[in-house]
Amino acid sequence: MKNEMILVLDFGGQYNQLIARCVRECNVYAEVHPYTITLDKITEMAPKGIIFTGGPNSVYLETSPHYDKAILEIGIPVLGICYGSQLMAYMLDGEVATAPVSEYGRTKVTINTSSRLFHGIDENTDVWMSHTDYIAKAPEGFTVTGHSPVCPVAAMEDDDRRLYATQFHPEVTHTREGRKIISNFVYTICGCKGDWKMDSFVDEQIRLIKEKVGDGKALCALSGGVDSSVAAVLMSKAIGKNLTCVFVDHGLLRKDEGDQVEAIFGPLGNYDLNFIRVNAADRFYDKLKGVEEPEKKRKIIGEEFIRVFEEQAKKIGAVDFLVQGTIYPDVIESGLGKSAVIKSHHNVGGLPDCVDFKEIVEPLRMLFKDEVRRAGSKLGLPDHLVNRQPFPGPGLGVRIVGEVTSEKVKIVQEADAIFREELDKAVLEERPGQYFAALSNLRSVGVMGDFRTYDYAVVLRAVNTTDFMTAECCNIPFEVQQICMRRIINEVKGVNRVMFDLTSKPPGTIELE
Ligand code: XMP
């Protein structure tokens, strides 16, 4: 059975994924596509409704994204949001102008509650605005269904043609009744029944994978990260022993991580799959010998990873499908015409190009990270794996400043394990989005037990971030920092100094390299 689908047409606004998310919270499947998608393709996909997203520009700019007006005439309901609403007005010969007063942030609008879009919404409701242009005059045939003191057309519609527009953003939580508005659109206007549920997602995917892969063989590069683990388990439930997972331990993982991954997926684990662990640490350390430049290190690690994976794939031979843990934000990176790039599973390089696969299988490509975590829990993956914080593909290679050696890897693994253990048990106002220990290449003089030391300085980093694009140092209580410092110095050989990194991003990045 094909799910009902709402198509979110991306004009470059920052909340595109939130829109899709809101629709899915209504139990209706949503897909975001760039505005460059053809109308033929849209018709073929047969969405139940279309949502035009916001966007940063004025509709009058030549460089601004536009769309064929015919999209408004194919009988599929359309909701335009912010730029999308202005675009709808512009396409139908309404008037869009620079607003005398820009509106940013929370605003009260008065809406017409007899509109099907606003059924059950307060007549005066709080919404989130973010615009400099506005619709000065609605197109012919449209009724104005909302206004604010400075925005004459905060909402408009032509119910007969099933075209609706809001200048405000129903998808952000600051729009108090935004969820209800989206729900009215997908249920009342588009006639969706709500057939997409996380609970059924797992069963449905297993069925689809079985259908697609049949008796074919599939190969999965398993890193132990959330996405690849969930993808592997889904595949394994669907095709059992026809799946082979290759786990490349590059020697740059966190303490005991390789063994943890093996315990779950290996022969003694819970899943009926062929698991190959390749302990390739020495190969990686060899290649990294004497290399200090961060980008060079990244490239070497990425390249070597591909080589190891390729060798294994060749040994197995005749593999039809490559499984990737691609998730939704990977598919539509920043929207705006960027087509879906097949992203390297491991995040450290490209796909092996001398291994032939008939097809790529990406069972998670419609999910957001937290949805992937929920799917993982449903599949019975342990909490510590499902709730893992992000870990970069090049691993500790980018957490050791300068040359990587096995000695330094050991130091940073031990220090990191202590730091994470202490933060995990500490009572914190807020859990940091990412936290880890890194190793600076600073060696300094200290005194321990009456002896002079000349050892490394460990850097502790804990940041608050949700999107990982910006980050602020997390306020870790001083006592907790002190405990970490004492334990690291006492327990980790080769360290005589511990520093706490206060830098936000920007100007710093989260990882040290
Ligand atoms: P930065 O250091 O750029 O990191 O602020 C932002 C987020 O991306 C992760 N990161 C990487 N992930 N390969 C990855 O798969 C990489 O080369 C890489 N570099 C950084 C980082 O851990 C953080 O979550």
Side-chain angles (χ1 to χ4, degrees), residues 3 29 196 198-249 258 260-278 305-306 308-310 312-331 340 342-347 351-352 355-369 371-382 385-386 388 393:
N3 282 108
Y29 176 49
W196 195 88
M198 194 63 210
D199 287 356
S200 57
F201 170 82
V202 166
D203 300 337
E204 176 67 1
Q205 279 305 310
I206 291 174
R207 192 187 64 75
L208 286 174
I209 294 166
K210 277 187 179 153
E211 203 175 280
K212 182 168 186 172
V213 177
D215 293 330
K217 282 206 243 169
L219 188 66
C220 175
L222 181 67
S223 70
V226 183
D227 306 340
S228 68
S229 298
V230 174
V233 174
L234 256 180
M235 288 300 294
S236 121
K237 295 248 179 196
I239 64 167
K241 283 280 190 195
N242 277 344
L243 174 71
T244 301
C245 289
V246 177
F247 168 53
V248 180
D249 184 344
Q260 284 163 6
V261 173
E262 185 170 347
I264 297 167
F265 297 103
L268 302 178
N270 305 333
Y271 302 100
D272 186 25
L273 47 78
N274 298 308
F275 175 83
I276 300 174
R277 174 174 177 174
V278 189
F305 173 83
I306 296 302
V308 176
F309 185 69
E310 223 164 49
Q312 294 301 321
K314 274 190 185 151
K315 268 192 213 162
I316 298 161
V319 176
D320 305 313
F321 298 90
L322 178 71
V323 183
Q324 296 239 105
T326 316
I327 66 169
Y328 201 67
D330 300 333
V331 179
I342 295 173
K343 191 180 164 215
S344 148
H345 163 89
H346 199 256
N347 287 335
L351 287 171
V355 184
D356 281 337
F357 296 101
K358 262 204 297 209
E359 233 176 301
I360 310 269
V361 187
E362 295 172 314
L364 309 176
R365 61 181 287 125
M366 64 169 73
L367 301 188
F368 285 86
K369 194 77 171 187
E371 292 172 315
V372 175
R373 292 191 206 277
R374 273 196 281 143
S377 297
K378 244 199 118 22
L379 285 161
L381 277 163
L385 204 155
V386 163
R388 271 176 55 140

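All residue numbers in this chain count up from 1 along the given sequence.
Annotation: side chain of F275 is not in contact with side chain of L268 (no heavy-atom distance under 4.5 Å). Counting heavy atoms from C-beta on, the side chains of V213 and M235 come closer than 4.5 Å. Within the 4.5 Å cutoff, side-chain heavy atoms of L385 are placed close to those of I264. The side-chain heavy atoms of I276 and I316, taken from C-beta on, include a pair separated by under 4.5 Å.
By the side chain to side chain donor-acceptor pair (under 3.5 Å) test, N242 is found to be paired with no residue, residues two or more places apart in sequence or in another chain being considered.
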### Task
Dump the intermediate steps for side chain to side chain contact (heavy atoms under 4.5 Å, CB included) on K241 and N274, then the final yes or no.
CA-CA 6 Å; K241 283 280 190 195; N274 298 308; 3.5 Å; yes
### Task
List the steps and the verdict of side chain to side chain contact (heavy atoms under 4.5 Å, CB included) for C245 and F265.
CA-CA 8 Å; C245 289; F265 297 103; 5.7 Å; no
### Task
Just do the side chain to side chain contact (heavy atoms under 4.5 Å, CB included) check on L243 and F321 with the steps written out, would you?
CA-CA 9 Å; L243 174 71; F321 298 90; over 6 Å; no
### Message
For a side chain to side chain contact (heavy atoms under 4.5 Å, CB included) check, start with the C-alpha distance between E211 and R207, then their side-chain angles and the critical distance, and finish with the verdict.
### Response
CA-CA 6 Å; E211 203 175 280; R207 192 187 64 75; 3.0 Å; yes
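When all heavy atoms of G376 and V230 are compared, the closest pair comes out as CA-CG2, 3.7 Å. When all heavy atoms of L222 and A232 are compared, the closest pair comes out as CD1-CB, 3.9 Å. L219 approaches A313 most closely through the heavy-atom pair CD2-CB, 3.5 Å. Considering every non-hydrogen atom in both P363 and F201, the closest pair reads O-CZ, 3.5 Å. The minimum heavy-atom distance between A221 and S228, with the atom names listed, is O-CB, 3.8 Å. Residues G214 and I239 approach most closely at O-CG2, 4.4 Å, considering heavy atoms.
Between the D227 side chain and the T326 main chain, no donor and acceptor come within less than 3.5 Å of each other. The backbone N or O of G224 sits less than 3.5 Å from a side-chain atom of R388, completing a donor-acceptor pair.
Rounding to the nearest 0.5 Å places CZ of R277 at 13.0 Å from CD of Q312. Taking CD1 from I327 and CG from L364, the interatomic distance works out to 8.0 Å, rounded to the nearest 0.5 Å. Here CG of L381 is found 4.0 Å from OH of Y271. Values are rounded to the nearest 0.5 Å. Rounding to the nearest 0.5 Å gives a distance of 11.0 Å between CD of E359 and CG of L322. Within the model, atoms CD of Q205 and NZ of K212 stand 9.5 Å from one another, a figure rounded to the nearest 0.5 Å.
Around atom NZ of K217, more than 12 heavy atoms belonging to other residues, nucleotides or ligands sit under 6.0 Å away.
Between K314 and E310, none of the side-chain N atoms (NZ, or NE/NH1/NH2) sits under 4.0 Å from a carboxylate O, so this pair counts as no salt bridge.
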